[in-house]
Amino acid sequence: MIPGADQARGGARTPRPVHSLWLHVFPNLFRPVLVFWHAQRARRRCAHVGARVTITGRVWVHGAGVVEIGDDVQLRAESAPIELFAHRGARLVIGAGSVIEGGASLEATSSVVLGPRTVLGAFTRVMDNHFHPLLGDRHSRPMPRPVAIGADSQFGPRCIVLAGADLPAGSRFGAGSVIRTRRGGSEAPNARAGG
Amino acid sequence: MTPPVVPLRLRQRIPSELLRFVLMLMRHPSAAAARIPRLIGVIRARYLFRRCRRGSLIVALGHVAVRTDGNIVIGDRVQFAGGMLPTRLVAATGATLRIGAETLLSYGAAIEASMGIEIGARCQIASQVMIRDCNERTSGQVRIGDDVWVAYGAIIEPGVVIGHNSVIAAGSVVTSDVPAYSLATGNPAVAVPLRGAPDGT
């Protein structure tokens, strides 16, 4: 169990023995400062950062591509860093009002678009390229297939969204789902498909 | 400019990657600068795997948590990629964890041996992969052949033997043996032959 993971998921705060009042007061005092500072850092690396974006913890923005973060996005990376990786010429868009938990890793070699109000659970992986061919030279990179996730979609922790996923609005996936192709309608909770 | 002749005894004492770096720095400084992370990785690997039997030019680009009371054998030119979580190598007392040459391991991969785990050469082990040879129910040696690609988040259960050139799909849970040149997907994983594979293998 990652310390603070339940807290990051919006659950109840685990009771901890109070050793020093300052240990509790101090982080809370500086939280708005840290949130502002992390947002400023992300703003430097991203092409567009919307209004009222909340970032807690570390967010890694890599690559020479375009990363766009919509309004009211929450990046809750207290438990583990969030990785946003847009390769050169690629586009990674996080829709307005989305919530992304810690450890999520989004990698775009062509295009990854999250619709508005998407919820990504902890350690979710979204990628639009398999990066290796099934046979032959494993160091060559296959063609990317863009990923598009409809509005109001929800993903549990440790989901894997693979290249070519084109999901309708309101899709819901339980923990550990592997999503690789187009799906119709909403999935039952805890649905799991082979990658 | 001819490279300086380094005496053989000195050459054996210092990491060859460092030597290559110094020689490169004289000829192509900018190319050498780009190799600094790799150089740091090689030196870091010599420290991290100090209690393992290791080949030459192992690169640790990120944090690797090594816990060994048994034997860990790492082949030549094995690479450990860095990321948000450490790669974990564990070998219990009497256990042998063998990683073949030129295998790539990504961040967050956990390989825990309590009896024996063998990973072949030129394999690719992606992030968040879990390979164990002992769990609450069963135990048995795990063997992974050469050129196997274990994709993101796959779990390999104890006693599984995976043939060479196979692919384990992302997020799958492998509970039974996978023949060579096949693709294993799902939970529990079902193996299908890879299209275009050479026959009779």
Side-chain angles (χ1 to χ4, degrees), chain A residues 2 5 57-60 62 77-85 101-107 121-127 129-142 155-165 173-181 190-195, chain B residues 62-63 77 79 81-86 102-104 106-108 110 120-130 146-155 164-175 180-198 201:
Chain A
I2 302 148
R58 287 172 294 164
V59 174
W60 297 344
H62 298 306
E78 293 111 329
S79 54
I82 290 174
E83 199 177 15
L84 307 174
F85 196 153
E101 303 286 3
S105 167
L106 291 84
E107 189 161 0
F123 291 98
T124 294
R125 173 88 166 139
V126 181
M127 47 189 173
N129 199 324
H130 291 301
F131 295 101
H132 312 291
L134 288 175
L135 269 176
D137 178 20
R138 293 261 166 79
H139 295 281
S140 66
R141 185 178 289 181
F155 296 85
R158 292 192 180 271
C159 278
I160 304 169
V161 183
L162 291 170
F173 295 94
S177 308
V178 181
I179 304 112
R180 59 171 175 169
T181 45
N190 295 312
R192 190 180 177 122
Chain B
H63 183 45
R77 297 179 297 285
Q79 282 204 32
M84 58 181 79
L85 295 169
E102 291 174 52
T103 287
L104 311 174
S106 194
Y107 67 86
R122 299 174 301 281
C123 288
Q124 287 170 326
I125 314 287
S127 319
Q128 316 272 18
V129 166
M130 194 158 186
D146 296 344
D147 299 286
V148 173
W149 167 24
V150 185
Y152 185 94
I155 296 170
H164 58 90
N165 283 78
S166 285
V167 178
I168 312 300
S172 33
V173 181
V174 185
T175 52
Y181 284 101
S182 43
L183 168 68
T185 53
N187 174 20
V190 177
V192 288
L194 277 173
R195 268 176 295 173
T201 46

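Reminder, nothing fancy here: chain letters follow the sequence lines and each chain counts from 1.
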Turns out that what part of B/Ser166 lies under 4.5 Å from chain A's heavy atoms comes down to backbone

Select one option (side chain, backbone, both, neither) describing which atoms of B/Leu104 are under 4.5 Å from chain A's heavy atoms.
side chain

Mind running side-chain contact (heavy atoms from CB on, under 4.5 Å) on A/His139 and B/Arg122 for me, showing each step along the way?
CA-CA 11 Å; A/His139 295 281; B/Arg122 299 174 301 281; over 6 Å; no

When rounded to the nearest 0.5 angstrom, what is the spacing between [atom1] in [X] and [atom2] in [Y]?
X: B/Gln128; Y: A/Arg158; atom1: CD; atom2: CZ; value: 5.0 Å
X: A/Leu134; Y: B/Leu194; atom1: CG; atom2: CG; value: 5.5 Å
X: A/Ser105; Y: B/Tyr152; atom1: OG; atom2: OH; value: 6.0 Å

At a heavy-atom separation under 4.5 Å, does A/Ile160 approach chain B through its side chain, its backbone, both, or neither?
side chain

Note: B/Met84 and A/Phe123 closest approach over all heavy atoms is SD-CE2, 4.3 Å

Would you name the heavy atoms of A/Arg138 and B/Val148 that are closest together and state the gap between them?
NH1-C, 3.8 Å

Does the pair B/Trp149 and A/His130 meet the rule for a side-chain contact (heavy atoms from CB on, under 4.5 Å), with working shown?
CA-CA 11 Å; B/Trp149 167 24; A/His130 291 301; 4.3 Å; yes

